[in-house]
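The first residue in the sequence is number 1, and the count goes up from there.
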Amino acid sequence: MSLSDALPRFRRAIAALAAMLSALAGESPAQAAQSPVQAAQSVQEAAGLTRLAARLASDELPTGAGVVVGQVEAPAGGAFVLDRADREFRGKAIANKSGLSRGPSTHATLVAQYLVGLHSSLSPGIERVDAFEANHWLGAGLLGGSGAALPTLVDAKVFCNSWIGEAGEASNAYLRKLDFAIETQGLIVCAGVNNGRGPLDVALLSHGFNTLTVGRSDGSHRAGTTSLGVDGPGRMKPDLVAPAGATSFSTPLVSGAAALLVETARSLPGLAGHPAAESPDVIKAVLLAGAAHLPGWSNSPLARGASRGATSMPLDPVLGAGQLDVEASHWILSAGEQWAGATPALAPECLPSGWAWIEIGPGQSRWLRFHVESLRTEVSIVAAWNRAVASDFQSWSLADLDLELWTADAQGGPSSLLGTAPGEFFETGNVLSDSAVDNVEHLYVQRLLPGEYLLEVRRSSDDQGPVRAALAWRFESVAPQVFGEAKPGSSGKLPALRWTGRPSRHGDDFELTVSRAEPGSLGILLCSAGRGELPFAGGRLALAPPVTRFAVARADDSGSATIPIPISPERVGTKLHFQFWFRDPGQADGSGSGLTNALEVRFGP
C-alpha cells in the first residue's frame with residue numbers, strides 16, 4: 001500500500017481518535033482532591049525523582065538540559081501544539097515542525113506539562129520542544145510515509161507519542177521505518193498504549209520493536225501480546241508503566257526520564273563522550289532494569305520441578321518490567337559500563353549495579369561475574385536489543401537472545417540454578433528468561449543468597465551477523481551490612497555503629513553514626529579491606545589486618561558521634577570495613593576499651 005493510499009484511512013483513524021483525546025484532555029494532571037502542585041509532587045515521588053534529588057547535590061541533579069525532545073500529537077480540531085503562554089513552559093523554545101496549528105491544544109499542553117513542565121515533570125531543564133502533528137510526523141516530518149523514502153534526519157533525541165492510530169496494511173511499513181530510524185539515528189521513541197483494560201488493539205505505535213511502550217501504574221490500559229498481521233506477533237507490551245492518571249500522561253514521564261538519563265550520559269565524568277551510554281537500547285535496558293516491581297508483578301516463572309526458575313515471558317503481561325523509577329535507573333547508568341567475557345573463565349567481576357553494551361554473534365555467549373557477599377532482596381537484570389530493518393524496508397531480522405543466571409562451582413564454572421530448592425540459592429523469581437519472540441529478556445530474583453554467580457547472555461544459531469545488545473542490572477541492596485559483635489559498655493549498654501545517607505559519590509551525605517558509647521569518650525574509627533575475627537581489648541575485632549585509623553571522633557554527652565565519610569571517584573566500586581573503638585575506663589575487664597559492631601560498606605557511583 002502506498003502512502004497516498006494509506007493516509008486517507010489513517011487520517012480518518014486520527015480524526016476518530018481526536019474525540020477520545022479531547023476526553024483525555026479533561027483529565028487534569030491533578031488527581032481528585034489534590035492541587036496541581038501536590039499531584040506533581042506525588043508523581044515525582046512515585047517515579048523516584050524525589051529520592052534522586054535527595055541523593056545528588058542540586059548542581060548535579062540532571063534535568064534533561066541540552067536534550068531536544070519531540071512531542072507528537074494527534075490533531076484535535078486542527079490543534080496540536082502546546083500553549084506557549086502556560087507558566088510551566090516559561091523560557092522554553094517551542095518549534096512548530098508541522099505547519100499551522102489552529103490554536104493551542106489542551107491535550108498537548110497537559111502532556112507537555114508532564115514532559116517539560118517547570119513544576120510537573122521529571123525533566124524541567126529541557127529547553128527545546130519540537131512539536132509535530134502525527135500525520136506529518138509519519139510523513140515528511142520523520143518517517144517519509146510508508147513507501148521507500150528514507151526517514152528524515154531530525155534534531156530531537158527523544159520523542160513522546162501520546163496518541164494511537166491504525167493504518168491497516170501500512171502499519172507494518174510505518175513500524176519498520178520507525179525501528180530503522182531509531183537504530184540508525186539513535187532516537188529514543190516513547191509511545192503510549194490505549195487506555196482501558198483489555199488486549200492490545202491498534203498497532204501504532206505500541207507494536208514497535210525498538211520503541212519504549214508505556215502503560216499506567218494502575219494497570220487500566222490495553223496490554224498483552226502484539227497482534228497477528230504485524231511483524232513479530234506475540235511480543236509483550238507495554239515495556240513499563242508510570243504513575244500518572246492516563247497513558248497520555250505516563251508516556252511523557254518516561255520520555256522525560258529518558259531525557260534525564262541522556263543528559264547524564266552526556267555530562268557525567270566516565271560516561272561523557274561514550275556514544276553507547278545514550279544509545280536507545282542502553283537507555284531502554286537501564287529504564288527497565290531500574291523499574292519497581294509493583295505488588296502482584298509476575299512474569300510467571302515455574303515455581304517447582306526441574307525447571308523451577310524458568311520463564312518464556314520476560315515481562316508482566318500488564319505492568320511490563322514495572323513502574324518507572326528514575327533514581328534506580330540513574331544509579332545503574334552512572335555506575336558506568338562493565339565488560340563481558342567470551343567464556344566463564346574470562347568473565348570479569350562486575351559492580352552490583354551497572355550496564356554493558358556487548359557484541360554477540362550467532363551461537364555465542366557473553367559472561368559476567370558477580371560476587372554477592374550478603375543477601376540481596378531483589379535482583380533485576382534486563383537485556384534489550386534492536387531489530388534490524390533493511391534500508392529498503394522489505395525485510396527485517398531479530399536475533400534470539402536468552403538470559404540466564406548461574407551459580408559458580410568450585411572451579412569458577414557455571415552450575416545451573418534451575419530446579420534448585422527455594423532458599424538454597426534464591427527464594428522466588430526467574431533465573432532464566434528465554435522468550436522466542438521478544439527483543440527483551442528479564443530476570444527478577446528475590447532473596448538471592450551470598451555466593452559467586454555468573455550471568456550468561458547467549459544467542460541462538462542463525463545466518464545473521466553480529467548484533468549489539470544492552471545489559472543493565474541492579475543487585476539490591478547496596479546498603480551497608482552489619483556484622484561482628486559489639487562489646488557491652490561499662491554502663492551495660494551495647495554500643496552500635498550505623499549509618500545515614502547512601503554510600504554514593506553523589507550527594508555528599510554518607511555518615512557513620514556511633515551510639516551508646518561512653519559519654520564524652522575519645523574514639524577511633526578503624527578501617528580494613530576485609531573481615532576478621534581476632535581477640536582485642538576484651539572483645540572481638542571484626543576487621544582483618546592490616547587495620548588502619550580512618551578518623552578520630554569524640555562522643556557527646558549522650559554517647560553519640562557522627563563521622564562523615566568522603567567518597568572520592570577512586571573509591572567507587574571498592575568496599576571497606578569499619579569498627580569504632582573508644583575509651584571506657586569503667587570496664588570491669590581492666591582494658592579501658594569499648595568496641596561497636598562492624599560495618600561493611602561498598603561504595604557506589
Side-chain angles (χ1 to χ4, degrees), residues 51 54-55 57 352 372-377 447 449-450 476-568 571-572 574-604:
R51 285 181 285 109
R55 174 161 65 86
V372 176
E373 297 178 335
S374 59
L375 179 72
R376 293 301 189 243
T377 55
R447 299 186 65 79
L449 271 64
E476 300 281 355
S477 65
V478 294
Q481 303 297 313
V482 177
F483 69 99
E485 295 183 3
K487 177 184 176 182
S490 58
S491 63
K493 298 178 180 179
L494 199 64
L497 182 65
R498 294 293 187 267
W499 72 94
T500 62
R502 195 166 187 177
S504 163
R505 185 174 66 85
H506 299 282
D508 196 28
D509 66 345
F510 185 61
E511 298 176 331
L512 298 188
T513 60
V514 178
S515 60
R516 299 191 293 274
E518 181 67 15
S521 62
L522 188 66
I524 300 172
L525 182 65
L526 304 174
C527 177
S528 169
R531 298 188 183 193
E533 183 66 26
L534 298 170
F536 180 75
R540 308 294 292 181
L541 183 67
L543 309 181
V547 178
T548 60
R549 184 174 72 174
F550 190 91
V552 176
R554 184 180 294 276
D556 61 18
D557 292 342
S558 68
S560 300
T562 299
I563 306 168
I565 307 296
I567 302 174
S568 64
R571 188 162 283 163
V572 172
T574 67
K575 64 181 178 183
L576 291 176
H577 304 80
F578 298 96
Q579 193 170 11
F580 191 75
W581 170 91
F582 58 93
R583 295 187 184 277
D584 189 357
Q587 279 284 355
D589 62 11
S591 66
S593 298
L595 279 173
T596 67
N597 61 278
L599 289 178
E600 178 182 286
V601 180
R602 184 183 287 270
F603 297 97

> Could you go step by step and tell me if Ile565 and Phe550 meet the side-chain contact (heavy atoms from CB on, under 4.5 Å) rule?
Replying inline: CA-CA 9 Å; Ile565 307 296; Phe550 190 91; 3.7 Å; yes

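- Taking every heavy atom of both residues into account, Ala555 and Ala561 meet most closely at CA-CB, 4.2 Å.
- One distance of note links CG of Leu543 with CG of Leu526; it measures 6.5 Å at 0.5 Å rounding.
- With values rounded to the nearest 0.5 angstrom, Phe603 atom CZ is found 5.5 Å from Ile567 atom CD1.
- The two residues Pro495 and Ala486 make their nearest non-hydrogen contact at O-CB, 3.2 Å.
- Each of Val514, Asn597, Leu512 was scored for a side chain to side chain contact (heavy atoms under 4.5 Å, CB included) with Arg498, with one residue passing: Asn597.
- Side-chain contact between Leu599 and Val482 is present, with at least one heavy-atom pair separated by less than 4.5 Å.
- The main-chain N or O of Ser515 is never found under 3.5 Å from a side-chain atom of Lys493 such that the two would form a donor-acceptor pair.
- Among residues two or more places apart in sequence or in another chain, the side-chain contact (heavy atoms from CB on, under 4.5 Å) test is passed with Arg447 by Leu375, Glu427.
- Annotation: side chain of Thr596 is not in contact with side chain of Phe578 (no heavy-atom distance under 4.5 Å).
- Counting heavy atoms from C-beta outward, Phe582 and Asp584 have side chains that approach closer than 4.5 Å.
- The shortest non-hydrogen separation linking Ser591 to Lys487 is OG-NZ, 2.8 Å.
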> Going through the distances and angles, do Phe510 and Val601 end up as a side-chain contact (heavy atoms from CB on, under 4.5 Å)?
Replying inline: CA-CA 11 Å; Phe510 185 61; Val601 180; 3.9 Å; yes

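- In this structure, Ser521 and Arg583 approach most closely via the heavy-atom pair CB-O, 3.2 Å.
- Taking every heavy atom of both residues into account, Asp589 and Ala537 meet most closely at OD2-O, 4.0 Å.
- For residues 516-545, the salt bridge (Lys or Arg N to Asp or Glu O under 4.0 Å) pairs, not counting sequence neighbours, are Arg531-Glu600, Glu533-Arg540.
- A 4.5 Å side-chain heavy-atom check between Phe483 and His577 finds at least one atom pair inside the cut-off.
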>> I'd like to know whether Leu541 forms a side-chain contact (heavy atoms from CB on, under 4.5 Å) with Trp581, so could you lay out the CA-CA distance, the side-chain angles of the two residues, the decisive distance to 0.1 Å, and finally the verdict.
In response: CA-CA 9 Å; Leu541 183 67; Trp581 170 91; over 6 Å; no

